[in-house]
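Working notes for the structure below.
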Amino acid sequence: AYSLLAQLADGSMRDGLSILERCVSECGSSLTAEQINAALGLTPIQAVYETADAITDNDTGKILEYVNKLSEDGKDLNVFIDDLMKHFRNLLVCKTTTAPENLLDADFETVARLKSQAKKVSFEELSAYVTILSGAKAEARKVKNPRILYEIALIKLTQPELSSSPDM
């Protein structure tokens with residue numbers, strides 16, 4: 001729980017205190033990582049890994065099921081897309097450095113899992129994933145319900161031939 005709170009604060013003491021106060025007011029003084037995820041509407045890490053696997057497996061149906069499940073569970077899709085972009089960044093670090101454990105704030109098991117997943121995808125694909133998702137995120141700021149924009153972006157990730165369309 002402490003590690004998750006530190007990551008969420010991203011170096012800001014004020015943000016950290018604000019996040020902690022919000023979680024304590026919703027969950028009480030004894031916090032677990034699961035309670036923090038629920039209180040803040042964060043995406044479970046397993047969903048991020050599974051989504052990344054579905055993207056590299058070109059499984060559009062599974063991607064749409066994940067988005068639907070996250071929406072039904074009341075998760076913030078903006079946070080999910082941010083988490084997915086961070087995950088792809090971590091895969092890029094694993095792909096391009098010899099000692100990613102020095103650059104990632106993660107335990108040995110997590111780094112090993114990231115390295116394994118990074119082997120399944122090229123640098124160019126990861127770069128394209130981040131570009132497409134960040135474009136969707138920028139467009140999503142302009143609409144009330146960004147779900148369709150995120151679904152289109154995720155479909156483009158699973159069907160790369162669609163991402164060469166002139167609109168994105």
Side-chain angles (χ1 to χ4, degrees), residues 1-12 15-16 18-20 22-23 26-27 31-60 62-96 100-101 103-107 109-118 120-121 123 125-141 143 145-158 163 168:
Y2 294 129
S3 177
L4 178 58
L5 286 169
Q7 288 174 8
L8 293 170
D10 197 28
S12 170
D15 289 351
S18 175
I19 292 166
L20 179 60
R22 182 173 165 193
C23 292
E26 204 163 307
C27 304
L31 293 174
T32 64
E34 292 78 23
Q35 289 173 316
I36 293 168
N37 283 328
L40 300 176
L42 302 178
T43 310
I45 191 65
Q46 187 60 29
V48 173
Y49 278 98
E50 289 174 4
T51 301
D53 281 336
I55 289 168
T56 58
D57 294 341
N58 298 322
D59 192 339
T60 305
K62 193 174 276 188
I63 291 291
L64 295 176
E65 287 173 21
Y66 287 142
V67 170
N68 189 58
K69 174 90 170 95
L70 291 169
S71 291
E72 285 178 352
D73 290 347
K75 303 297 182 196
D76 185 340
L77 292 180
N78 292 306
V79 173
F80 169 66
I81 295 299
D82 284 339
D83 291 343
L84 196 53
M85 286 193 298
K86 287 177 192 172
H87 183 74
F88 290 140
R89 179 260 179 201
N90 291 343
L91 294 180
L92 282 165
V93 169
C94 288
K95 189 111 193 122
T96 59
E101 53 279 350
L103 299 171
L104 300 174
D105 185 22
D107 59 38
E109 183 180 312
T110 301
V111 172
R113 189 172 182 191
L114 288 166
K115 284 180 179 179
S116 174
Q117 201 171 47
K120 297 180 359 181
V121 63
F123 173 85
E125 289 170 315
L126 288 168
S127 178
Y129 295 168
V130 172
T131 300
I132 289 169
L133 291 176
S134 63
K137 181 104 171 127
E139 287 297 313
R141 291 184 185 112
V143 297
N145 183 359
R147 179 177 174 170
I148 185 69
L149 296 174
Y150 292 145
E151 286 175 330
I152 290 169
L154 291 166
I155 289 168
K156 287 181 178 184
L157 299 185
T158 61
S163 64
M168 222 170 194

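Count residues from 1 along the sequence.
Put simply, NZ on K115 and CG on L104 are 9.5 Å apart, with the number rounded to the nearest 0.5 Å. From L20, atom CG reaches atom CG of L5 across 6.0 Å, with rounding to the nearest 0.5 Å. Atoms CG and CE, from L126 and M85 in turn, are 13.5 Å apart once rounded to the nearest 0.5 Å. Going from atom CD1 of I81 over to atom CG of L149 covers 10.0 Å, rounded to the nearest 0.5 Å. I55 CD1 to L133 CG: the interatomic distance, rounded to the nearest 0.5 Å, is 6.5 Å. Note that CG of L77 and CG of D83 are 11.0 Å apart. Values are rounded to the nearest 0.5 Å.
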Between F80 and L154, is the side chain to side chain contact (heavy atoms under 4.5 Å, CB included) condition met? List the steps. CA-CA 12 Å; F80 169 66; L154 291 166; 4.1 Å; yes
Would T51 and V67 count as a side chain to side chain contact (heavy atoms under 4.5 Å, CB included) here? Give the steps. CA-CA 9 Å; T51 301; V67 170; over 6 Å; no
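Surrounding CD of E109 are at most 12 heavy atoms belonging to other residues, nucleotides or ligands under 6.0 Å away.
Every residue two or more places apart in sequence or in another chain that forms a salt bridge (charged side-chain N to carboxylate O under 4.0 Å, His left out) with D73 is listed here: K69. By the side chain to side chain contact (heavy atoms under 4.5 Å, CB included) test, A54 is found to be paired with D59, K62, I63, Y66, residues two or more places apart in sequence or in another chain being considered. Under the side chain to side chain donor-acceptor pair (under 3.5 Å) criterion, S18 pairs with no residue, sequence neighbours left out. A search for salt bridge (charged side-chain N to carboxylate O under 4.0 Å, His left out) contacts involving E151 returns R147, not counting sequence neighbours. Residues forming a ring pair (Phe, Tyr, Trp, His ring centres under 6.0 Å) with Y129 (at least two apart in sequence, or on another chain): F88. Qualifying side chain to side chain contact (heavy atoms under 4.5 Å, CB included) partners for Q35, counting only residues two or more places apart in sequence or in other chains: C27, L31, T32. Partners of Y49 by ring pair (Phe, Tyr, Trp, His ring centres under 6.0 Å), not counting sequence neighbours, listed by chain and number: H87. In terms of the side chain to side chain donor-acceptor pair (under 3.5 Å) criterion, residue partners of T60 (sequence neighbours excluded) are, by chain and number, T158, Q159. A search for side chain to side chain contact (heavy atoms under 4.5 Å, CB included) contacts involving L40 returns L8, I19, R22, C23, I36, L42, not counting sequence neighbours. The salt bridge (charged side-chain N to carboxylate O under 4.0 Å, His left out) search around D82 returns K137, not counting sequence neighbours.
Applying the salt bridge (Lys or Arg N to Asp or Glu O under 4.0 Å) definition to pairs two or more places apart or across chains, those involving residues 39-55 are D53-K120.
The shortest heavy-atom contact between L84 and A52 is CD1-N, 4.4 Å.
Side-chain atoms of S127 do not come within 3.5 Å of backbone N or O of F123 as any donor-acceptor pair. Put simply, the side chain of S116 never gets that close to the backbone of A112: no donor and acceptor are under 3.5 Å apart.
Across T56, I152, I132, a single residue satisfies side-chain contact (heavy atoms from CB on, under 4.5 Å) together with L157, and that is I132.
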